[in-house]
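Remarks on the structure that follows.
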Amino acid sequence: MANLTLVEAVNQALAWEMAHDDSVVVFGEDVGVNGGVFRATVGLQEKFGAERVFDTPLAEAMIAGLSVGLATQGFKPVPEIQFMGFIYPALDQIVSHASRMRNRTRGRLTCPMVLRAPFGTGIRAPEHHSESTEAMFAHMPGVRVVIPSSPVRAYGLLLSAIRDLDPVIFLEPKRIYRAFRQEVPDNGEGLPLDKAFVTRPGTDVTLISWGASALETWNAAGELADEGIDCEVVDLATVSPIDKDTILESVSRTGRAVIVHEAAVSGGLGGEVAAILASEGLYSLEAPVVRVGGFDAVPPLARMEYGYIPGVQRIKDAVHECMES
Amino acid sequence: MPVVAKFEITYTQFLDEHGKAQQELPEFAADADEMARMYRFMHLTRVFDQRCINLQRTGQVNTIASSHGHEAAQIGLASAMRPEDVLAPSYREHGAVLWRGVRMSQLLAVWGGDERGHDWDGARHDFPYCVPIATQCLHAAGAALALKMRGQEACAVALCGDGATSEGAFYEALNAAGAMELPVVFWVTNNRYAISMNVQDQTGAETLAQKAIAVGIHGEQVDGNDLIAVRNAAEIALRRARSGGGASLVEALSYRLGDHTTADDATRYRPDEEVEQAARRAPLHRMKRFMQEHFGWTGEQEEALIAELEAEVEKEVEAYLAMPPPKIEDIFEHQFANMPAALEAQREIAHRYPVPD
């Protein structure tokens with residue numbers, strides 16, 4: 001069994017699915033010989049040939065548009081957008097076409113594609129390499145937005161995303177690409193989409209997060225346990241559509257919720273989770289829902305990025321606030 | 001200083017505006033059946049288009065884009081395609097998609113605000129009408145890549161207008177086609193107007209065809225009102241693509257004789273004299289002369305054909321009007337293959353409220 005980092009698990013999932021489904025093709029900028037700037041696609045071109053794993057010209061709208069063309073004609077494109085900060089030229093193709101093709105043709109043409117993009121802060125990268133704009137995509141009907149937060153979930157969720165019959169935006173938290181390892185059996189077993197994962201059971205408060213913030217959230221829960229606060233931790237994983245049942249069930253037991261994400265807090269998906277709790281879980285709540293997120297400022301350059309995203313202490317303070325109200 | 005690149009763009013015309021051959025005609029022009037079929041479809045496009053506008057004026061369809069003046073460009077191109085080729089049309093290509101086998105009632109449904117129209121007959125793998133300008137050029141490139149990877153002897157065709165050539169998606173599609181040697185044809189019907197913007201103000205380039213040069217694909221200009229020039233250019237470009245010879249950009253010079261859509265008033269931005277002049281060069285007029293001269297086409301035949309087409313259109317209008325109304329549930333059923341729970345809940349809500357007409 002392989003002991004893998006998150007990015008290695010992405011690679012393992014791509015390799016598994018390419019080996020078992022001839023219609024899967026991988027392309028993007030520098031994904032071929034170079035294996036991707038984060039090495040997510042390393043070795044795939046050697047294994048599956050330059051016909052199925054290839055570099056494209058440097059044009060993100062084109063990468064997404066080619067994917068729509070390929071997907072409607074029977075392929076399963078799994079393109080990579082090199083950084084989420086460069087995804088915006090592709091938005092038109094995602095909003096205007098990928099998300100709508102099935103609906104506007106009443107199922108005559110469909111668009112099964114997985115657009116992978118590393119996202120978020122934390123690797124001291126230059127400007128435009130640190131965005132977390134998952135809420136923009138979650139607002140679009142017709143696409144799923146899936147975010148793994150561990151090697152095991154990266155492998156299982158990516159397999160399911162590729163097998164899904166509709167477009168998926170698969171956002172990979174690059175801050176934790178190599179943060180820790182897990183045993184990830186290469187058995188081709190997918191994990192369910194549209195499903196949140198309880199990663200730590202607890203009784204006092206529910207901490208809901210996704211992406212790289214799941215790591216700080218997890219660590220905060222560990223430290224809070226030492227203080228006697230028993231946190232349940234939920235990884236939302238599919239951030240659109242949100243698995244209401246899991247979060248409502250958890251909060252029905254704990255009565256308290258703290259939502260943690262790296263994206264700017266205003267208009268972020270924490271608001272959507274809070275709205276679900278307010279409208280469908282209000283009578284379980286013993287305290288106001290607390291949101292902890294990135295500040296409503298553009299993600300700062302490297303020297304301030306850890307001041308921008310919620311760290312363990314900020315999360316712990318939010319939990320204390322929730323516990324004390 | 002050494003010259004490192006040079007280019008030229010050819011312009012092809014077979015028939016002048018009176019339908020007189022200007023040079024030796026290609027072989028297909030002697031095929032009476034094929035020419036009659038194309039001529040029939042040009043008229044069908046015109047009759048259908050006029051009926052669509054009437055339907056809009058009487059509130060039976062919504063805003064609709066006219067293809068008046070594009071009959072040769074659309075039919076000449078579509079008739080050169082094979083069923084296994086893939087078409088990515090803009091929203092103004094009624095003639096082309098009708099040739100591909102789409103039913104008129106389905107096009108009316110599209111313009112009547114009903115998605116079922118795009119679940120259309122004909123080439124089921126063809127793309128639906130595309131509204132965001134030039135974005136379909138990328139779909140054609142992607143479809144071409146799919147055909148190439150499968151080793152199919154087929155190609156993809158994107159149809160767009162002159163305004164589309166200013167869009168990033170247009171350049172990106174062309175560039176990809178050049179870089180990846182894709183079996184695709186980009187067909188630009190230059191009808192001189194992008195709503196109110198004259199093509200002269202759209203670019204500093206002398207021709208739109210020369211935009212092909214920058215990406216290393218073939219580029220040429222044809223008289224888009226000359227059915228024979230269009231069909232000939234389309235055959236050559238499609239054959240080039242199918243046989244591994246690479247992509248082409250064909251600029252078909254035409255004129256938009258109608259308004260941009262039924263919501264537009266072109267008299268605000270172009271003089272009547274210009275439109276009248278363009279009408280004299282209209283494709284149907286030219287083909288009628290050609291049919292008379294080469295195949296003894298008579299006035300009676302012309303009248304009979306139009307009466308037959310009007311009846312055919314009327315039957316399709318009736319079929320459209322007789323369609324049972326769509327259901328609000330459909331917008332949920334077709335959003336995802338596997339409906340998320342939250343959407344199921346919304347479907348139940350929508351179901352409780354009747355949709356007003």
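Just so it is clear: chains get the letters A, B, ... in the order the sequence lines come, proteins before strands, and each one is counted from 1.
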Can you say whether [X] sits under 4.5 Å from chain B via the side chain, the backbone, both, or neither, judging by heavy atoms?
X	answer
A:T105	both
A:D164	side chain
A:S99	backbone
A:L70	both

Under 4.5 Å, counting heavy-atom pairs only, tell me which of A:T56, A:N103, A:V68, A:L66 racks up the most with chain B.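 Most pairs with chain B among the choices: A:N103.
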
Heavy-atom donor-acceptor pair, A:D166 side chain to B:A337 backbone, under 3.5 Å: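 Pair found, side chain donor or acceptor close to backbone of B:A337.
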
Is a donor on one side and an acceptor on the other found under 3.5 Å between the side chain of B:R124 and the backbone of A:R108?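 No, B:R124 side chain to A:R108 backbone: no donor-acceptor pair under 3.5 Å.
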
Side chain, backbone, both or neither of B:A176 within contact of chain A (heavy atoms, under 4.5 Å):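 Both backbone and side chain.
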
Rounded distance (nearest 0.5 Å) linking atom [atom1] of [X] with atom [atom2] of [Y]:
X	Y	atom1	atom2	result
A:I63	B:E172	CD1	CD	8.5 Å
A:S96	B:I133	OG	CD1	11.0 Å
B:F127	A:T72	CZ	OG1	3.0 Å

For the interface with chain A, which of B:L182, B:N175, B:I331 has the highest count of heavy-atom pairs at distances below 4.5 Å?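 Option with the top pair count is B:I331.
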
Residue among B:R116, B:E333, B:M180, B:R150 with most heavy-atom pairs under 4.5 Å to chain A: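 So the answer, after comparing B:R116, B:E333, B:M180, B:R150, is B:R150.
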
Could you check if a side-chain atom of B:H125 sits within less than 4.5 angstrom of a side-chain atom of A:Q73, using non-hydrogen atoms only?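 Side chain of B:H125 against side chain of A:Q73, heavy atoms only: contact under 4.5 Å found.
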
So which heavy atom on A:K244 is nearest to which on B:A342, and how close?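 Taking A:K244 first and B:A342 second, the nearest heavy atoms are CE-CB, 4.5 Å.
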
Closest approach of A:E51 and B:M149, non-hydrogen atoms and distance?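 Minimum heavy-atom contact is O-SD, 3.5 Å.
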
With a strict 4.5 Å heavy-atom criterion, list every residue of residues 80-109 of chain B that contacts chain A, or say none.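 So far as heavy atoms go, B:V86 are the residues that approach chain A to under 4.5 Å.
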
Taking atom CD as the centre, does B:E167 end up with more than 12 heavy-atom neighbours from other residues, nucleotides or ligands that are less than 6.0 angstrom away?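 Counting neighbours around CD of B:E167, more than 12 heavy atoms of other residues, nucleotides or ligands fall under 6.0 Å, so yes.
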
Inter-chain contacts: residues 22-33 of chain A against chain B, heavy atoms under 4.5 Å: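 Expected list: A:V25.
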
Residue that, paired with B:P128, satisfies side chain to side chain contact (heavy atoms under 4.5 Å, CB included) out of A:R106, A:R104, A:R100: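 Of the listed options, the one satisfying the test is A:R104.
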
Could you tell me if A:H97 and B:Q136 have a donor-acceptor pair between their side chains, going purely by distance under 3.5 Å?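 No pair is found: no donor N or O on one side chain lies under 3.5 Å from an acceptor on the other.
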
Think A:R144 forms a cation-pi with B:F336, using NZ or CZ under 6.0 Å from the six-ring centre and within 45 degrees of its axis?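 Judged by the rule, A:R144 and B:F336 form a cation-pi pair.
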
